[in-house]
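Since the structure comes first, as structure tokens, the remarks are kept for the end.
Numbered from 1 within each chain, the chains take letters A, B, ... in sequence-line order.
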2 protein chains.
Amino acid sequence: MTEGGAAGGRDSAADGNSTVTTGAGRRPLGRELILTEAVRFIDQRGQDRLTMRRLGAELSVEAMALYRYVPGREQLLDGVVEHVMNELYETTMTKELATSWPEYLERMAQGVRAVAIGHPRVFPLVAVRPPAAPWLRPPLRSLRWVEGFLEALAKFGFSAQQSVLVYRAFATFLLGHLLLETATLAGEAEAPIEDDTEVAGTDALSAYPRLTSLSAQLSQDAFEDEFDDALHDLIKRVAHFRS
Amino acid sequence: MTEGGAAGGRDSAADGNSTVTTGAGRRPLGRELILTEAVRFIDQRGQDRLTMRRLGAELSVEAMALYRYVPGREQLLDGVVEHVMNELYETTMTKELATSWPEYLERMAQGVRAVAIGHPRVFPLVAVRPPAAPWLRPPLRSLRWVEGFLEALAKFGFSAQQSVLVYRAFATFLLGHLLLETATLAGEAEAPIEDDTEVAGTDALSAYPRLTSLSAQLSQDAFEDEFDDALHDLIKRVAHFRS
DNA sequence: ACCTGAACACCGTTCAAGT
DNA sequence: ACCTGAACACCGTTCAAGT
């Protein structure tokens, strides 16, 4: 239960949420602070351990205090998703503009991947929480972001229909690749391998000769290469859409 | 709280766990029965509403009775995943054998899709629960099944390395497509649209002109066509692996 | 052998009350 | 204005006790 210790940190009050520590070592509560802490909590300990009571404790506050800023646990999780995906908006969209659509698509795909890898235990939430509208496709689930995406494609000469196809294809692509990659990353974080659970080490595989002989190749991950290869194939497919 | 009513069912006492219905109209508890009921429960009411106590009630038993057959809630959910994916094994693998690898891959992909669509609210569990081994990739997460998959590909002349690539590419493909499709299906099941939640109807879109003008095309789903198209492209890509 | 009652430690959430 | 205490209805899980 270590807390902060000597506070006294001095941060430039440039943007909104930089409201220095109070004397008691507790920053002024607020939606932003709560979401930031929730993301950190999930990054470290996983979603299922995130509890209103524990999150409150992390902020030196009773759980009930959180309800002034967040309607409930479900909306908290939605907020976490939104909060994390905002990194993408700041990163990808703020940079200097891409000069071709393949470059644009490449960059945004890599941007989403960077966010996912940065928060492997949050990404399943991004993937699985019901989006604000039924036609939004995780992980590309922010209205603002999708609007920007369609705008960019239009600028590069895509028709409306084509843009929708590209949006869908990219969402599907990113979801599949990144959910698998982040699952592996999140798994590595713990796995202090237990005893009688079915961990399926090389021992339990005896009944499956091919798995046994391939376990080496199956184990070595190549997510980055797979992602890059599949991404380039997808971009080729998109080029095909345009004809 | 309706129960069974007049029981009197007569079942052949062929295998081990068939200890005939008690007079009270309650089938003999057991892992199989519990899992079947759990799947049905999730299909109807969703995973978050599944509770040991409620599942017990559904089986006319106190929650504690379940612990004799299932170690706990987590393992129950793993059991549900396994149980559902077994449908695939029975369906796809039991049929007459495919005569070419493209046919085989096509069939198995369609088989997985059929299972996913049959249990849209279970599929997220299939996608997201940590698999038995870290190199298993949901939704293709059964050791037995993957062994069969590799065996089939070997039969069609794929090398070990190639087979691993195909396994990974298919898992990624299926995960992305089917998670998005089942999310939509599961969403349709409820959505008795609420009032002040962010449902993002055509109204809330006013700030996003492109989304507004495309809402029609975005809303009409084309999951089947997308799936089939992408599947065939994937099969082409696989053909490329073989060179 | 199989199920239940009672109990424990924990949840999310509400609301009157404190400061 | 902002937080807390106490309370409510619910969890998962354990274990001694019933039949």
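Here the nucleotide nearest the side chain of B:Y69, chosen from C:dT13, C:dC2, D:dT13, is C:dC2.
Using a cut-off of 4.0 Å between Lys/Arg side-chain N and Asp/Glu carboxylate O, A:E147 and A:R144 are scored as not salt-bridged. Salt bridge present: B:R129 and B:E74 bring a charged side-chain N and a carboxylate O closer than 4.0 Å. The pair A:R141-A:E82 does not meet the salt-bridge criterion, since no charged nitrogen lies less than 4.0 angstrom from a carboxylate oxygen.
The nearest whole Å value for the distance from the CD atom in B:E62 to the P atom in D:dC10 is 15 Å. Per the geometry, CG belonging to B:L59 stands 11 Å off P belonging to C:dT4, to the nearest Å. Look at CZ on A:R31: it is 18 Å from C1' on D:dC2, rounded to the nearest Å. Between the CG atom of A:L55 and the P atom of D:dC3 there is a distance of 13 Å, rounded to whole Å.
A:F123 and A:H119 have their aromatic ring centers separated by at least 6.0 angstrom.
Along DNA chain C, the nucleotide closest to A:A63 and the one closest to B:R53 are compared, and the more 5′ of them pairs with B:R53.
Side chains of B:L174 and B:L179 form no contact here, defined as non-hydrogen atoms less than 4.5 Å apart. At a threshold of 4.5 Å between non-hydrogen side-chain atoms, the residues B:L76 and B:L35 count as touching.
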**Message:** Strictly under 4.0 angstrom, non-hydrogen atoms only: write out the protein contact profile of nucleotides 14-19 of chain C, one letter per nucleotide from the 5' end, B, S or -.
**Reply:** B-----
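Relative orientation of the A:F170 and A:F173 rings is perpendicular, given thresholds of 30° and 60° on the angle between their planes.
No engagement by A:R49 is indicated, since no non-hydrogen atom pair under 4.0 Å with the nucleic acid exists.
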**Item:** Canonical and wobble pairing (Watson-Crick, G-U, under 3.5 Å) of DNA chain C, dot-bracket with |
**Value:** ||.|||||...|||||.||
